[in-house]
Amino acid sequence: MGFDMTGETDPRFATTLARGLSVLRSIRSIDDGLSNAELAARTGLPKSTVSRLTWTLCQLGYLTQSVRDERFRPGPTLVAVGHVAAGSMAFMSPAEELMADLANQTGTLAVLAVRDIDRLIVVRTWRPLHLHSMWMEVGHRLPPSRRSSSRAFAAALTDAEYAQVQAQIDSIGSTGFPHDERLAAQQELQQQGYVTNFTTGERTTTYLSVSVPFRPAELNEPVVFTCGALPADASVGHILDTVGPRLRAAVNSLERLTGHAPSQADMEVWT
């Protein structure tokens, strides 16, 4: 994964803090603890550096180390910080009911994703009651291309925002969100109100999905709501004719409930 090098040459940039945060960011909800060696592999940091960072993070309560297996897991302080952050997002409360209902009505997994430097990361999921398998968990990182979530995020950015995001991504040597996919996704938003992950006639072999961006008043860039299903559980027709329009309607409802209907600047991104 590597940690974000953005701004490291600036004297205001706290490299040690950035490295410590990269350790926390590398932990996923499906992990049953990670060793220093595994954290080093994920962050690209030397194991000796990771050892100092995990010791410090444990002392502060951001991580906890199991006596049983000596592996590191999220600590109480990190959990508390996460709850505070989630609670500060006013749109999350009405989104809970809207997305839970949508997941049950359409038989799809609904997720909320936000940007994590050069890709999106899933921060919330809503599973339909009858679905027994979870093919995407909180902490799942989505590639910046060929995913409806990533394409919808890029499409919702203004030209200035897109340039700023790409500059940040370029600084860490990553590829970022493809320009051609952004343009195609903008056309989809304009024509049908949602973005798919199979616009070229090809489909990912893992799942079918549709996505709609949303701009929270509390953040300076869009987040993305996505609904998807395994090909064995839903047809392309169901995803396009039912799930996509209902997801668009749910996000429209969220915009009304939060008093944040798309501004003219937002609409110009899609036209």
Side-chain angles (χ1 to χ4, degrees), residues 91 94-95 97-115 119-120 122-128 135-136 140 142-158 161-162 177-204 206-216 221-231 233-258 260-263 265-271:
F91 75 94
E97 182 175 357
L98 285 168
M99 294 301 151
D101 288 345
L102 180 63
N104 284 321
Q105 291 168 5
T106 61
T108 60
L109 179 69
V111 307
L112 170 64
V114 302
R115 183 170 72 96
R119 57 189 60 210
L120 298 188
V122 174
V123 296
R124 182 71 172 90
T125 62
W126 295 269
R127 181 173 60 179
W135 45 271
M136 190 175 293
H140 186 94
L142 299 165
S145 65
R146 297 181 62 81
R147 297 295 186 275
S148 65
S149 298
S150 300
R151 298 177 69 246
F153 170 80
L157 296 172
T158 65
E161 289 170 339
Y162 180 72
F177 301 91
H179 180 64
D180 58 340
E181 290 192 20
R182 174 177 178 251
L183 295 179
Q186 287 177 339
Q187 291 182 344
E188 288 182 63
L189 284 175
Q190 181 184 5
Q191 294 169 1
Q192 61 194 23
Y194 57 85
V195 176
T196 73
N197 69 335
F198 46 91
T199 53
T200 62
E202 300 178 354
R203 309 185 316 199
T204 63
T206 51
Y207 63 91
L208 307 172
S209 68
V210 288
S211 297
V212 176
F214 172 74
R215 279 189 173 267
E221 64 183 36
V223 300
V224 179
F225 288 98
T226 296
C227 285
L230 299 175
D233 298 328
S235 66
V236 171
H238 176 65
I239 296 295
L240 292 177
D241 300 335
T242 300
V243 182
R246 289 191 180 184
L247 175 59
R248 175 69 266 178
V251 174
N252 284 344
S253 295
L254 182 60
E255 290 166 345
R256 290 193 297 271
L257 289 170
T258 57
H260 188 63
S263 66
D266 296 335
M267 298 303 295
E268 287 175 355
V269 173
W270 309 334
T271 59

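Being a predicted model, the structure only gives us computed values, none of them experimental.
Between V195 and V210, the closest side-chain pair of non-hydrogen atoms is not below 4.5 Å. The side-chain heavy atoms of Y207 and T108, taken from C-beta on, include no pair separated by under 4.5 Å. Two residues are said to be in side-chain contact when any heavy atoms from C-beta on lie closer than 4.5 Å; V236 and L208 meet this criterion.
Between E188 and R151 there is a salt bridge, since at least one side-chain N of the basic residue sits less than 4.0 Å from a carboxylate O of the acidic one. Using a 4.0 Å cut-off between charged nitrogen and carboxylate oxygen, R182 and E161 do not count as a salt-bridge pair.
With sequence neighbours left out, the salt bridge (Lys or Arg N to Asp or Glu O under 4.0 Å) criterion links R246 to no other residue. Listed by chain and number, the residues in a side chain to side chain contact (heavy atoms under 4.5 Å, CB included) with P143 are R147 (sequence neighbours excluded). With sequence neighbours excluded, the residues forming a side chain to side chain contact (heavy atoms under 4.5 Å, CB included) with L183 are H179, Q186, listed by chain and number. A search for salt bridge (Lys or Arg N to Asp or Glu O under 4.0 Å) contacts involving E221 returns R115, not counting sequence neighbours. Annotation: side chain to side chain contact (heavy atoms under 4.5 Å, CB included) contacts of P94 (sequence neighbours excluded): L254, L257, T258. A search for ring pair (Phe, Tyr, Trp, His ring centres under 6.0 Å) contacts involving F153 returns F177, not counting sequence neighbours.
Ring geometry for F225 against W126 counts as tilted: the plane angle lies between 30° and 60°, on a 0 to 90° scale.
Of all non-hydrogen atoms in A250 and L98, the two that sit nearest each other are O-CD1, 3.7 Å.
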Between L102 and C227, is a side-chain contact (heavy atoms from CB on, under 4.5 Å) present by the stated rule, with each step listed?
CA-CA 9 Å; L102 180 63; C227 285; 3.4 Å; yes
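Side chains of S148 and T196: a donor-acceptor N/O pair is absent below 3.5 angstrom, by distance only.
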